[in-house]
Structures are given as structure tokens and as C-alpha cells.
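Indexing begins at 1, ligand by ligand and atom by atom, following the structure's order.
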Amino acid sequence: MKKVFVKTRNVKQMISMFNRLRDREDGVPGMGLIYGEPGLGKTYAITWWAAQNDAILIRSANLMSARWLLEEIIEELGEIPYNKFSDIFNQVIAQLIKTPRLIIVDETDYLTIDSRAVETLRDIHDKTNVPIVLVGMGTANKRLQRHKHLYDRLLEIIKFEPFCKQDITSIIDQLSEVQFTDCAKKLLYSRTNRFRQLVKTISKAEQVAKSNGIKEIDEITLKEVLKNDEIDTEEIEFSNENS
Ligand SMILES: Nc1ncnc2c1ncn2[C@@H]1O[C@H](COP(=O)(O)OP(=O)(O)OP(=O)(O)O)[C@@H](O)[C@H]1O
Ligand SMILES: [Mg+2]
């Protein structure tokens, strides 16, 4: 498998969202939300963007408290956290005012359990004006609506959608070491619509091609690959786009 970052339709939307948040006018709230079903490439996309743009990327964890969250942020800022909660908070604020950096918080679903952690993010945003983007599962949008003060500050909300045909074609063409016939691509589109599943299938197809000296994966070979795969076709939700 080639190590390439593929700019899918979701990724392009995400890039525009980050740009709009950064370029917003003074006084406009600058929080964002990215949400979507598992395996659509959210974490991979934000990790790529954060690395390119020197953003702070935090991965929330189960039972993460406001203090723990602040400690993670301060560590990312290259500082040693003070002891008292209020001191760490002020430390984060002072650092971000001095050197503003966009903050991305992955797996936000964990944070919505403790409203103090969510409120802390809102306070950081209000005091520093740095854009903060929350990333979560399919239910994240609904969950965040319970936190009205934060939800009000969301300038941008984007949902990562299942792939369209064009996405599947670019992913196969850019990632796979072996060619797929058009029929095989079509079959894959009808059976798989998540990055994680696609990556697994491409990797298995590459192995089959290598061990059997096959130059191109056709529909029949792909069916064999998929037969042994654990793709749960019942859960598949398709993109509306027919392109
Ligand atoms: N833009 C991309 N280019 C190349 N490969 C990608 C890309 N996005 C995702 N992948 C591949 O798909 C895998 C799954 O993506 P990722 O973990 O980002 O999904 P996710 O939406 O965050 O899922 P979850 O909701 O389960 O956390 C990645 O580990 C990577 O191998
Ligand atoms: Mg993820």
C-alpha cells in the first residue's frame, strides 16, 4: 500500500472549514465541529492538517476531566503544568494569547459526559479567540446540542459522509500498489464505504495479487477477497451522490 494522504470530498470540505475559521472576522465565534460514522478518515485527516498547520491536537479519553484536558494542552504547548487548576488555566490562556494556535479535540464524545471539560474549552476560546474544532462520532452533533453555550459558538459544522464513487476511485488509484479494473472498483463501491474497510481490502487484494502473480484485480478476484473479509454489508450507508 502506498503511503499517500488522499484528499477525498470530506477532506476538501474540512480544509475549507479550517480556512474559514482562521479567516473569520473579529467578534465572530470560531468553534467548529466535524462528526461522522467510524472509519471515514476523521482522525487521519485532522492529524494531517494539524501537522501541516502547527495546530494542537488533543485526543480525549474516557473520563477525561477539565484538569486533565488542560494538562494535555499545556504539554502540547511545551510547558510544565502548574499545580492548581486555576493556575494551569491561566497558563494555557497566557501561552495561547502569546502564540495563538488552533486547537483540535478528537473523540469529543468522551468530553460531553463531563460538562466542565466542555465549558473549559468554551472559556479558552472566549479568552484567547483561538479557533477550537471538536471531532466526534455520528452522535456528536446531538450530544453537543445539550451544551447550549458551546453549541452557540459553533460557526462551522461538517459531517463526514460515506464515500462517493469518485472518492473510491481516487482512493484505490492513489493507495493501491495493484491496479483494479473498473468493474472491480464498481463492486468495491457497492460493498465498502469506509476508509478503514477499504484499506483492509486493498491490502488483502495486494497480497493476493503478489502471491498469484496477478497484474490487475478484476471483479472475480475481488469477490474472493471480499468473501474472506469481515465487511458487514448490512451496516453500509451510501452516499447520495451518483457521480
Ligand atoms: N485521507 C486519507 N488518506 C489515506 N488513508 C486514509 C485517509 N483517511 C483515512 N485513511 C486510512 O483509514 C484509516 C481509518 O481512518 P481514521 O482512523 O481517520 O477514521 P475515523 O473516522 O477517525 O474513525 P473512528 O470514528 O473510528 O475514530 C486510517 O488509519 C488510514 O489507514
Ligand atoms: Mg477517529
Side-chain angles (χ1 to χ4, degrees), residues 1-19 32-53 55-64 69 72 76 102-113 117 121 132-144 156-180 185 188-189 191-207 225-226 229-239 241:
M1 182 109 47
K2 293 179 206 154
K3 284 209 180 316
V4 176
F5 178 77
V6 186
K7 288 192 181 164
T8 57
R9 195 173 45 153
N10 289 325
V11 169
K12 287 178 189 153
Q13 277 191 10
M14 178 200 75
I15 296 171
S16 315
M17 168 182 172
F18 279 125
N19 290 341
L33 171 66
I34 297 171
Y35 73 103
E37 296 303 316
L40 289 175
K42 302 179 298 293
T43 299
Y44 209 74
I46 53 173
T47 306
W48 170 83
W49 195 89
Q52 309 254 320
N53 294 278
I56 295 172
L57 177 58
I58 304 292
R59 191 171 191 270
S60 328
N62 202 5
L63 302 177
M64 192 174 218
L69 174 72
E72 292 278 326
E76 284 290 314
L102 186 144
I103 300 176
I104 309 172
V105 185
D106 197 9
E107 308 278 3
T108 302
D109 305 74
Y110 289 128
L111 281 193
T112 51
I113 298 163
L121 283 175
I132 300 184
V133 174
L134 309 175
V135 183
M137 292 195 288
T139 51
N141 192 22
K142 276 215 174 105
R143 274 166 175 262
L144 277 173
E156 299 275 341
I157 299 178
I158 60 166
K159 184 176 179 218
F160 265 42
E161 298 285 357
F163 300 129
C164 60
K165 275 188 193 150
Q166 183 53 49
D167 282 331
I168 300 273
T169 303
S170 339
I171 292 165
I172 297 171
D173 290 348
Q174 290 181 58
L175 293 187
S176 180
E177 309 257 3
V178 61
Q179 301 255 318
F180 281 58
K185 284 177 191 166
L188 202 47
Y189 174 66
R191 301 282 289 274
T192 319
N193 67 356
R194 311 256 155 100
F195 241 123
R196 204 169 277 132
Q197 294 169 342
L198 266 172
V199 165
K200 278 197 310 195
T201 306
I202 292 171
S203 162
K204 282 184 188 160
E206 282 174 353
Q207 281 168 23
V225 172
L226 291 170
D229 213 340
E230 288 164 2
I231 289 173
D232 182 359
T233 44
E234 278 178 24
E235 274 185 14
I236 285 181
E237 170 197 340
F238 291 104
S239 156
E241 197 174 306

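Protein heavy atom nearest atom 16 (P) of ligand 1, with residue, atom name and distance: G41 CA, 3.7 Å. Among protein heavy atoms, the minimum distance from atom 18 (O) of ligand 1 is reached at Y44 N, 2.7 Å. Nearest protein heavy-atom contact of atom 12 (O) of ligand 1 is F195 CB, 3.3 Å. V199 CG2, 3.9 Å is the protein heavy atom nearest to atom 31 (O) of ligand 1.
C164 approaches Y189 most closely through the heavy-atom pair C-CE1, 3.7 Å. The minimum heavy-atom distance between K42 and V135, with the atom names listed, is CB-CG1, 4.0 Å. Between K2 and D173, the shortest heavy-atom distance links the atoms NZ-O, 3.9 Å. I168 approaches K185 most closely through the heavy-atom pair CG2-O, 4.2 Å.
Defined by atom type and a distance below 3.5 Å, a donor-acceptor pair is present between the side-chain atoms of D106 and T43.
At least one N or O atom of V6 sits closer than 3.5 Å to an N or O atom of ligand 1. Considering backbone and side-chain atoms together, L175 places no N or O closer than 3.5 Å to any N or O of ligand 1. At least one N/O-N/O distance between G39 and ligand 1 falls below 3.5 Å.
Counting non-hydrogen atoms of neighbouring residues, nucleotides and ligands closer than 6.0 angstrom, the CD atom of Q179 reaches no more than 12 such neighbours.
The line from CD of E161 to OG1 of T8 is 11.5 Å long, rounded to the nearest 0.5 Å.
Residue Y44: no N/O/S atom is found under 2.8 Å from the Mg ion (ligand 2).
When each atom of ligand 1 is checked for a heavy atom of V4 under 4.0 Å away, the hits are 3 (N), 4 (C). Those atoms of ligand 1 that come under 4.0 Å of a heavy atom in L40, given as number and element, are 19 (O), 21 (O).
Compare R196, R194, K42, M1 by their heavy atoms: the one nearest to atom 14 (C) of ligand 1 is in R196.
Between F195 and F163, the angle of the ring planes goes over 60°, which puts this pair in the perpendicular group of the 30/60° scheme.
Heavy atoms of A45 come nearer than 4.0 angstrom to ligand 1 in no pair at all.
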Notebook entry, point to check: Stepwise, does the side chain to side chain contact (heavy atoms under 4.5 Å, CB included) test hold for I15 with K7?
Noted result: CA-CA 10 Å; I15 296 171; K7 288 192 181 164; 4.2 Å; yes
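Residue contacts with ligand 1, taken as heavy atom pairs separated by less than 4.0 Å, involve T43 via backbone and side-chain atoms alike.
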